[in-house]
Number of protein chains: 2
Amino acid sequence: MKDEKPTSFDIAHLAGVSQPTVSRALRNSPLVSEETREKIQAIAKKLNYQVDINARNLRSKETRTLALLLCEDPGTDDSLINPFFLSMLGSITRASGKMGYDLLISFQQQSGDWNADYENAHRADGIIFLGYGDYITYMEKIAHLDRLGAHFITWGPVLAKQPGHFIGCDNLNSAYLSIKHLTDLDHKKIAFLGIASEHRPEFNQRYQGYVKALLEAGLIVNPKLQIDADTSEEMGYEATIELLKGKLQFDAIFGASDLIAIGAIKALQEHGKRVPEDVAVVGFDNIPTASYTNPPLTTVQQDTKLAGELLVENILKLIRGEDVSSILMPAKLIIRDSCGANLS
Amino acid sequence: MKDEKPTSFDIAHLAGVSQPTVSRALRNSPLVSEETREKIQAIAKKLNYQVDINARNLRSKETRTLALLLCEDPGTDDSLINPFFLSMLGSITRASGKMGYDLLISFQQQSGDWNADYENAHRADGIIFLGYGDYITYMEKIAHLDRLGAHFITWGPVLAKQPGHFIGCDNLNSAYLSIKHLTDLDHKKIAFLGIASEHRPEFNQRYQGYVKALLEAGLIVNPKLQIDADTSEEMGYEATIELLKGKLQFDAIFGASDLIAIGAIKALQEHGKRVPEDVAVVGFDNIPTASYTNPPLTTVQQDTKLAGELLVENILKLIRGEDVSSILMPAKLIIRDSCGANLS
DNA sequence: TTAACCAATGAATACGTATGTATTATGGGA
DNA sequence: TCCCATAATACATACGTATTCATTGGTTAA
């Protein structure tokens, strides 16, 4: 029907007032009389008027938009994302909506210039990093962002003396609890499937929890039982094959993520090992599929809903210039059948 | 270090040219000499200059942003979204990024004023609806959007004489294939779990495919074997309980979505029915979990990657004013163990 | 009665970019 | 030599809003 979007001038004209008065009236400024405000708001409603976001943002230098950046693994080209991230994504979307912020989502290569595209271009007031790729590389980028005064927060491992702000799972204690569960069930030769290098500190922290639990149970830590595997079913599968090919005995596997654990179960079963009778398995993340594996996977549940809310809450604090400190989130062990029953 | 974001005027000053020349140089306009352009671009790079998106959008009345709207079911308050939608979301994000568009994501109540917030406010050039809630209600909203000349496309059932533009799965034929698979395996009393009303046309289409396959196999269609269930494990579970409580015999269940089928399997097994020996089960969507249920679920795979790409491609066509027609996407039957082996 | 004051509104302007028009310089053809 | 076409650039302005400052009319206190 109407071709042209109405502007505040149109409304001003119709109401017989000036444009600034319209602007004020629509923002419920106390500077306009109640009578005028009501008249203006009625006209605005009738015309289906909406403030032009771009004009407003240009003028007020604020976007009320957050950017969510997922670092894309160059390897995986198809659209299968880590289900744990998807769950986080859902909770972040809701949380930012609740706070009146729009959410801009983007997949980025780690090689890209992250800041350029978002805050610097006034596209968003702040950035939430969900998957950041390689940690060492990320740190270099962070340093740059920080120098530019960008507002950003990261879902990732909380370390000492870290630049930027992080919210992450208490990997060490969560992994510790998992392993303790295994040792309590009398498992003695527990393999760790996951990258333990500095490039993946969250896995590294889980490895530390693993070591702590073993030592506490009086068991020997055998580094040969640690096999590198990144978060995917394939990597978990292959790592398990490698383990099976080796000469070392093992009676349990800690998969540093559910996908790894799922791949492990598959490999074990294909090679005639029963889970949990021959080999117990635990995972990490509690992705939806974890309760449907056969047997159902004992794993560590991360509270993605709370995590999303905290990420949003804290990035908003940063935007407002308030102080923020990194947050370590406790996780919970979900016990299912993949570890076997307590034999004691 | 620097407090103020540099503007095109700053660059112009440094380069000894005017601001419009900077604008043109950065957009590679043929109106500026190569020499000038290179000088300007070098300065821009050094200053880490980025065009202010808001100013550009205000001026050019274009946002290069798409909005993705998920209609939020008022019932489910937590952040567990339908995994099928999450998969679509991932593919849409990638596709729009590939086309140079930003993606704005929002969960909406069906009661909200969808258009107001996005295109009308110049926040996005077009809208992709992923979950639209109740179809009848949605149609009313669509009519309004259409009248306003909004650009939008919907992932949903393709029907005759539909306003707006839809891209959706070929529900009828896909369900037909599933049921035919069951009848080929000699199942005769097949239940349909899913809402078959006009409020959920995609389920309705699946029901039509179900009917078609039964008739073709010379079987009787018993409406009592259709039980309402919306897409969730709980609803599938409850519908199956209802089925079990009834006096009707059945030897197979078609779950109108994987989540329904998963709930059905759970209910069946809890009540001492073996799957697939006593009751075969098929699902729809091929969510990641489908291959991990016990037994693994035979289901219909939707090509979410292609769907996401088509949605983005076509909304861009609409934005450019090109013609677009609705698209019906073929799906593929994924045969797993939940239907049993061919007995013939 | 008058000065000071407050409430309500209008006028002017800035935000940073993109584009239509005007201007300058340069070169070629007659 | 002069004119015109063309290339390159500058000038002026529009986009729609929000804010600062100025103005108006009416009210209160001295």
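These numbers come from a predicted model, not from an experiment. Hydrogens, waters and symmetry mates play no part in the numbers below; they use all other heavy atoms, side chains included. Chain identifiers are assigned alphabetically (A, B, ...) following the order of the sequence lines, protein sequences preceding nucleic acid strands; residue numbering begins at 1 within each chain.
Separating the OG1 atom in B:T65 from the NE2 atom in B:H122 is a distance of 12.5 Å, to the nearest 0.5 Å. The CD1 atom of B:I128 lies 8.5 Å from the CE atom of B:M88; values are rounded to the nearest 0.5 Å.
At least one donor-acceptor pair under 3.5 Å links the side chain of A:T93 to the backbone N or O of A:L89. Checked by atom type and distance alone, the side chain of A:D125 never pairs as donor or acceptor with a backbone atom of A:E62 at under 3.5 Å.
In this structure, A:I53 atom CD1 and D:dT17 atom P are separated by 10 Å, rounded to whole Å. Atom CG in B:N57 sits about 13 Å away from atom C1' in D:dG16, given to the nearest Å. Here the P atom of nucleotide C:dT17 and the CD1 atom of B:I40 are 13 Å apart, to the nearest Å. Distance A:E34 CD to C:dA7 C1': 14 Å, rounded to the nearest Å. Atom pair B:D52:CG and C:dA18:C1' shows a separation of 13 Å (rounding to whole Å applied). D:dT17 atom P lies 17 Å from atom CD of A:E62, rounded to whole Å. The interatomic distance linking A:H13 (NE2) with D:dG16 (C1') rounds to 17 Å, in whole Å. Rounding to whole angstrom units, CG of residue A:L26 and P of D:dG16 are separated by 16 Å.
Here the closest heavy-atom approach between residue B:S91 and residue B:E309 is recorded as OG-N, 4.5 Å.
Note on B:V17: only backbone sugar-phosphate atoms sit closer than 4.0 angstrom, heavy atoms only; bases stay farther off.
An OP1 or OP2 oxygen of C:dT9 is reached within less than 4.0 angstrom by no side-chain nitrogen or oxygen of A:T21. Between A:R56 and D:dA18 there is a side-chain polar atom (N or O) within less than 4.0 angstrom of OP1 or OP2. Checking the phosphate oxygens (OP1, OP2) of D:dT9, a side-chain nitrogen or oxygen of B:S33 falls inside 4.0 Å. Between B:Y49 and C:dT17 there is a side-chain polar atom (N or O) within less than 4.0 angstrom of OP1 or OP2.
A salt bridge links A:D102 to B:R123: one of the charged nitrogens lies within less than 4.0 Å of a carboxylate oxygen.
Counting heavy atoms from C-beta on, the side chains of B:H165 and B:T154 never come closer than 4.5 Å.
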Between the protein and nucleotides 11-15 of chain C, which nitrogen or oxygen pairs come in under 3.5 angstrom?
| from | atom 1 | to | atom 2 | distance (Å) |
| --- | --- | --- | --- | --- |
| C:dA14 | N3 | A:R59 | NH1 | 3.1 |

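Considering only side-chain atoms of A:S23, the nucleotide from D:dT17, C:dT17, D:dA18 that sits closest is D:dA18.
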Pairs under 3.5 angstrom only: tabulate donor-acceptor contacts from the side chains of residues 314-326 of chain B to other protein residues two or more places apart or in another chain.
| from | atom 1 | to | atom 2 | distance (Å) |
| --- | --- | --- | --- | --- |
| B:N314 | ND2 | B:L310 | O | 2.7 |
| B:R320 | NE | B:E322 | OE2 | 2.9 |
| B:S326 | OG | B:F166 | N | 3.1 |
| B:S326 | OG | B:F166 | O | 3.3 |

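Counting heavy atoms of neighbouring residues, nucleotides and ligands inside a 6.0 Å radius, atom NE2 of B:H199 exceeds 12 of them.
Defining each end axis of the helix from C:dT1-D:dA30 to C:dA30-D:dT1 as the rotation carrying four pairs' C1' atoms onto the next four, with five pairs an end, the two axes are found to diverge by 60° to 10 degrees.
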